[in-house]
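Every chain is numbered from 1, with letters handed out A, B, ... down the list of sequences.
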Protein chains: 2
Amino acid sequence: MGHEVLAAVLRVRGASLQVMLWERAREPHAHRWSLPGGELRVDEDVESSIRRQLAEKVDVRQLSHVEQLAVFSAPDRVPGPRVVATAFLGLVPSDVDPERPADTEWHCVEKLPAMAFDHASIVDRARHRLGSKLSYTNVGFALAPPEFTISLLRDHYSAALGYRVSATNLQRVLSRRLLLEPTGGTAPPGPSGGRPAALFRFSAKGIKVTDPFAVLRPPGSGRPAGGSGTT
Amino acid sequence: MGHEVLAAVLRVRGASLQVMLWERAREPHAHRWSLPGGELRVDEDVESSIRRQLAEKVDVRQLSHVEQLAVFSAPDRVPGPRVVATAFLGLVPSDVDPERPADTEWHCVEKLPAMAFDHASIVDRARHRLGSKLSYTNVGFALAPPEFTISLLRDHYSAALGYRVSATNLQRVLSRRLLLEPTGGTAPPGPSGGRPAALFRFSAKGIKVTDPFAVLRPPGSGRPAGGSGTT
DNA sequence: CACGTTTTCGACCAGTAGGCGAAAACCCCG
DNA sequence: CGGGGTTTTCGCCTACTGGTCGAAAACGTG
């Protein structure tokens, strides 16, 4: 029974969320688009494996986030011999455009091309996971450059979530979690003028929220923003 | 490369959270305790597989919740040929005590016995996941009988979370999500008297929260308890 | 220098959870 | 049968959160 690793690598481009896809040259499912990945080797765990395989497509240093998504194991998910897949979610900041082989391209997740095997459902799962985690973790910073304006961050959140978010709110929420640190610099205003935006960076001093907030907290532990995220 | 499925099946007993373990009779790791599970067959997906394998230990109808946890894939996680494991989290209500084979026993998660392979870390992961999901989903009901008092529910939450929760708060939080439905009946008071507690059941009319709340919501969507849990 | 544009900030409101403390409902005992 | 102990239940208050709105700040352009 084979085991493969696959990754839905997402990034924000303009106002849309994109996923990195790879056009299959060979049968089965030739000319359909698939997720990067490949067979798990005997001497590596799944995370090492996906990082190794992604390195062929993008510079791994540019991957700002990698996490396990789920196992896809329907017996007939690929034709031929049985293959179980461990799927990952990967994120790339919006300021880098990694060199990539000619057979890979970024596609908007809203209108995916003809996808191979069950890869469309993996992309869906990745979108959903990203959307869920955006609000209660700090993975949002994995989508943005090291220095960014609140407007840019808002646009990224909007693209990933699929609905408009308010810059006022976003800034306040993140500030309360001590995640925003002003760099002092400002970004030049756009061609139509406007007040120059202040630049921020992600503050490592902040609350690192990996897991959801506990709604039911230990007694006397203050409020959510007081920092009760486990880890 | 082999693939196995394993489950950390948890339940609350009194004030402690327990996990179902199985004592290995054969080498390797004979007499150490391990999680139920076994090899994935070629004609089943991982979830079907874990349900089938758990059926040998407990009545599957008593499993109130099953979900994928993570893949454990360190090359040397088990001696001998490579085996990748898909781990699950399972929950059993506290009112049933399934008949079980003589070689399986419930152990308090606080003081686990000598565990086989990497199973201790899987139990840890399961505890952590349950704790996280308790507050923002309704998996809490999977730990309780179909009819329960608020005090019982509070005790279960306390056991699973590892800290005291207030019954007042718990009731209010769950009520706001429309998850509590009074049955009308009352439970007899304990041996030391006291006001009889009202019985509740889990209301299917309520907000089914599977994913975390969105802290940043679409505009004009009201408040968290207004029901913005995705799905 | 008035105007449009974009960012930033402050104020207000509704809703949420945490923390009491009092009242209700029961048992037991004298 | 009434008082004391026990447990549940309910109401009130506070702190804090996120959503919304509008005004002020800071820039370019005509």
| Letter per nucleotide, 5' to 3', of nucleotides 2-12 of chain D [B base touched, S only sugar-phosphate touched, - untouched; heavy atoms, 4.0 Å] | ---BBBBSBBB

| task | Using only side-chain N and O atoms of A/N169, determine if any of them is under 4.0 Å from OP1 or OP2 of D/dG19. | result | yes

| said: Check this one for me: any side-chain N or O of A/R176 less than 4.0 Å away from OP1 or OP2 of D/dG18? | reply: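 Yes, because at least one side-chain N or O of A/R176 sits under 4.0 Å from OP1 or OP2 of D/dG18.
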
Residues which pass side chain to side chain contact (heavy atoms under 4.5 Å, CB included) with [X], listed by chain and number, not counting sequence neighbours:
{"X": "A/R172", "answer": "A/N169, A/R176"}
{"X": "A/S16", "answer": "A/Q18, A/C108"}
{"X": "A/P146", "answer": "A/D95"}
{"X": "A/T183", "answer": "A/E147, A/L199, A/R201"}

Using atom [atom1] of [X] as one end and atom [atom2] of [N] as the other, report the distance to the nearest whole Å.
{"X": "B/L170", "N": "C/dA17", "atom1": "CG", "atom2": "P", "value": "11 Å"}
{"X": "B/L161", "N": "C/dG18", "atom1": "CG", "atom2": "P", "value": "11 Å"}
{"X": "B/Y157", "N": "C/dG18", "atom1": "OH", "atom2": "P", "value": "13 Å"}
{"X": "B/R164", "N": "C/dA17", "atom1": "CZ", "atom2": "P", "value": "21 Å"}
{"X": "B/R177", "N": "C/dG15", "atom1": "CZ", "atom2": "P", "value": "17 Å"}

| said: Could you check whether any side-chain heavy atom of A/H128 comes within less than 4.5 Å of a side-chain heavy atom of A/L69, counting everything from C-beta outward? | reply: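 A side-chain contact is absent here, since even the closest heavy-atom pair is not under 4.5 Å.
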
| task | Could I get the full list of salt bridge (charged side-chain N to carboxylate O under 4.0 Å, His left out) partners for B/D45, not counting sequence neighbours? | result |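 Listed in chain order: nothing, the list is empty.
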
